[in-house]
Amino acid sequence: MPVSPKTIVRVAVPSPLRRLFDYKVKDSCAFVPNSLVAGMRVSVPFGRRQIIGIIIEITNHSDIAPEKLKDVTDFVDDQPILSGRLLKLFKWASSYYQFPIGETLFHSLPILIRNGEPLPELRERYWTLSQKGIDAGEELLVSTPRQCSLFKLLKSKINIKESFILEQFSRSILSKLEERGYAQLQYIENERVADDILVGNPRKPNQEQQIVLDAITLNDFNCWLIDGITGSGKTEIYLKCIEKILLLGKQALVLIPEINLTPQTERRFNSRFNVPIVVLHSGITKKQRLQGWAKSLSGEVKIILGTRSAVFTPMKKPGLIVVDEEHDSSYKQQDGFRYSARDLSVMRAQYEDIPILLGSATPSLESLRNCDEQRYRHLMLTKRAGSAAVPKWQTIDMRQEKIESGFAETTLSSMADTLDRSEQVLVFLNRRGFAPVMLCKQCGWAAECKYCDSKMTLHRSCNQLICHHCGARSNPPIDCPACGSGQLIASGEGTERSELMLQDRFRKTQILRVDRDTTKKRGHMLEVIQTAQKGDPCILLGTQMLAKGHHFQHVTLVVIVDADASLLSPDFRSTERMGQLLTQVAGRSGRGKLPGNVLVQSYQPHHPVLQILLEKGYGPFARQLLAHRREVDLPPYQYLALVRAESKLASRAERFLLLAKATADSIRKSSRALYYTGPLPALLERRSGRYRYILRIESKNRKLLNSVLDKLARNLESDHSVRWCIDVDPQEF
Ligand code: ADP
Ligand code: ZN
Ligand code: ZN
């Protein structure tokens, strides 16, 4: 919209208030774009500060009296940095997750964009003769020989890169020709034309892959769930689809759950495509993030590969979104703006009217239900691509076994056999540190965190007790603080202890440990991958970091040390997560030419949930869980939101939620259609010295739930007695 004296812009600013702010536009600004478009940044007075905001609407009227309206101080951009469709996504996200619009935007943008840094210039500067220059003859320039030679250079060819000119001429010579009206600047978009996008020859799809590829259409919005066992060639499907949209000159956004997986995925994409790829995750610098973001906005970059927050990357010509390992809980942000990048991806694809592929060997129950409801289309890959066979499961009944530091004798001898055959073993134990508890044998005292309701984990390498929830540390006591006895023992196994035990048992074998402690060392993960790739017999030992996505050619035995851990958790999602994790870990076995085996150690080998998973596989296991969830009205058959509150005083958090409940009740009385439960303590009631409580709000009607949440949030907005937030589709309790 062109600027007039009556123009008013409605601006989103980083503020917890759930609304936009109106400003007048005066032409006294140093720079006013010819035409105002939503999605441009402005600098505006806010309270006593100057801050950066984003124009969301342009209008001619405001509810605020004209004399009270403040002016925009400055314009940052001459073109929008967010498209209308992306702004729509932000607005949707803000109202769906009940998070203030300004903070929604500012949480999701690169920090330098938030700070008002201008977009880096990505277009190439070229020079050419103006019409006056073309009409003129060189004789006009004889008195200035340098200008004359530059004139001749420009005459020899249209559009010459500025950097090339500046190698031979000073900038002042160039400026003189421009001032005299002979030369003019041209911007040329740095977009590569897609003709040679492929590097080498990709494999021919197998029959199953071909059926899936034939089913996928890429012209408009559609959501496909690619449900394929590990190693079935899902990534090949993504690559094929990306190839097709690249040929149309469009861009692809690919989300992966773990920063650790980016190097491997990047390598695979680079060895397939001859196009600029940008990688966005938390490990890059502010400047790299800005550059990558801007290159995607300008269309220069064709593939954007990133973790959760990359879902918000602007694209000039979006063509496809891929969400790999769609079930992974790391797609849900667990603080601040609590969005799900998977769900936002689907919404974004809808707004952009482009296809989206969700891929997983262990799809989430939410996605399976969406397939049942025909919102997503279910495509299956049931066989491993190439020659590898599906691994064989075997349960080890721990009640019948002689056990050494958490390992059954049968397990240890299978490991020895595997190593003797010069093959590799992967041991999965989802607990880092030496021992999860320090106990007194005399009186039963256990070392607990001072700030959380949890036990401290003993770490031997630094000889400290560490709380895995808040990071608190203390020195392990020598004598029991309760009874004074000297009989303190480290109980249970963590990866550190297993490493020591296994090293003692397999003296000649290299043990590669991967957990959050070892990967603090830069490059450790890469080193482990490279060592394992050499193929010498070794034991890979680690937490879920090791389990996710990595491809270890030479592993033929996977050991799951403690399959029971999550059978006991009170979180209703823990069984689903266990099934996913075990299936993913097992999928690390036998990916090369040799067949794989999986040993599952359990004290409850006949637990029905474990049995169906091991005997029938993830699909039937998930079906059974879905049936149960439907029966007891849990997600995905019920929509759920939490109001969370935390405070140093338990009573204050509880009181706040009682008030929230009363307020909710006054908005809409609790009924079967929508009901409130709580306040209840969170599963970990105290963390970092704060008491945490939740109020559950549930309904089968998403619209109803959303409208009650919206009113509730506005009612509670000004209450600062506790830290509180709304968590829609929560993953943790
Ligand atoms: P997923 O993503 O499902 O785990 P990948 O796409 O990584 O599966 O494929 C697993 C392995 O099989 C890879 O080594 C890949 O190169 C190989 N592969 C995939 N598709 C084919 C095919 N059509 N022919 C031969 N090998 C294939
Ligand atoms: Zn004691
Ligand atoms: Zn703690």
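Values in this document were obtained by computation on a predicted structure and should not be read as measured data. Numbering of ligands and ligand atoms starts at 1, following listing order.
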Selection from Arg268, Glu236, Glu208, Gln553 by shortest heavy-atom distance to atom 13 (C) of ligand 1
Arg268
Partners meeting ring-ring contact (aromatic ring centres under 6.0 Å, His included) with Trp224 (sequence neighbours left out)
none
Does the residue Ser232 have a heavy-atom contact with ligand 1, meaning some pair of atoms that are separated by less than 4.0 Å?
yes
Min over Lys240, Gln210, Gln209, Lys234 of heavy-atom distance to atom 1 (P) of ligand 1 lands on Lys234
List every atom of ligand 1 that sits less than 4.0 Å from any heavy atom of Asn206, numbering the atoms from 1 in the order shown and giving each element.
23 (N)
Residue that, paired with Tyr376, satisfies side-chain contact (heavy atoms from CB on, under 4.5 Å) out of Asp227, Leu368, Ile356, Leu358
Leu358
Ala385 heavy atoms, cut-off 4.0 Å: which ligand 1 atoms fall inside?
12 (O), 18 (N), 19 (C), 20 (N), 21 (C), 27 (C)
With respect to Gly233, determine whether any N or O atom, backbone or side chain, lies less than 3.5 Å from an N or O atom of ligand 1.
yes
Which angle, to 10 degrees, forms at the Zn ion (ligand 3) with SG of Cys467 on one side and SG of Cys449 on the other?
110°
Identify which protein N/O/S atoms are less than 2.8 Å from the Zn ion (ligand 2).
Cys440 SG, Cys443 SG, Cys480 SG, Cys483 SG
Test Phe572 against Phe733 for ring-ring contact (aromatic ring centres under 6.0 Å, His included), laying out the working first.
CA-CA 9 Å; Phe572 78 86; Phe733 295 89; 5.4 Å; yes
Any donor-acceptor pair under 3.5 Å linking the side chain of Gln209 with the backbone of Ile237?
no
Taking NZ, NE, NH1 and NH2 as the nitrogens, is one of them in Glu236 or Arg272 under 4.0 Å from a carboxylate oxygen of the other?
yes
If the condition is ring-ring contact (aromatic ring centres under 6.0 Å, His included), which residues does His469 pass it with, not counting sequence neighbours?
none
I'd like to know if the side chain of Glu325 and the backbone of Ile256 have a donor-acceptor N/O pair within less than 3.5 Å.
no
Should Ser329 and Arg577 be marked as a side-chain contact (heavy atoms from CB on, under 4.5 Å) after you check the CA-CA gap, both sets of side-chain angles, and the distance that decides it?
CA-CA 9 Å; Ser329 55; Arg577 293 219 185 94; 4.0 Å; yes
With the threshold set at under 4.0 angstrom, would you say Arg384 reaches ligand 1 through any of its heavy atoms?
no
Between Leu582 and Trp393, does a side-chain contact (heavy atoms from CB on, under 4.5 Å) hold up when you go through it step by step?
CA-CA 11 Å; Leu582 294 199; Trp393 297 82; 4.3 Å; yes
One pair to check against side chain to side chain donor-acceptor pair (under 3.5 Å): Thr217 and Asn219. What are the steps and the verdict?
CA-CA 6 Å; Thr217 53; Asn219 332 341; 5.5 Å; no
With a cut-off of 2.8 Å, does any N, O or S atom of His468 fall short of it relative to the Zn ion (ligand 3)?
no
Just to be sure I read this right, does ligand 1 sit under 4.0 Å from the backbone of Arg203, its side chain, both, or neither, counting only heavy atoms?
side chain
Taking N or O atoms only and a 3.5 Å limit, does Thr230 qualify as a polar contact for ligand 1?
no
Pull out every atom of ligand 1 sitting under 4.0 Å from any heavy atom of Pro205, numbered as shown with elements.
23 (N)
Give a yes or no on whether Cys452 keeps an N, O or S atom under 2.8 Å from the Zn ion (ligand 3).
yes
Less than 4.5 Å apart, any side-chain heavy atom of Leu320 and any of Lys244?
no
Exercise answer: donor-acceptor pairs, residues 527-534 side-chain atoms, under 3.5 Å, sequence neighbours excluded:
| from | atom 1 | to | atom 2 | distance (Å) |
| --- | --- | --- | --- | --- |
| Thr531 | OG1 | Glu527 | O | 2.7 |

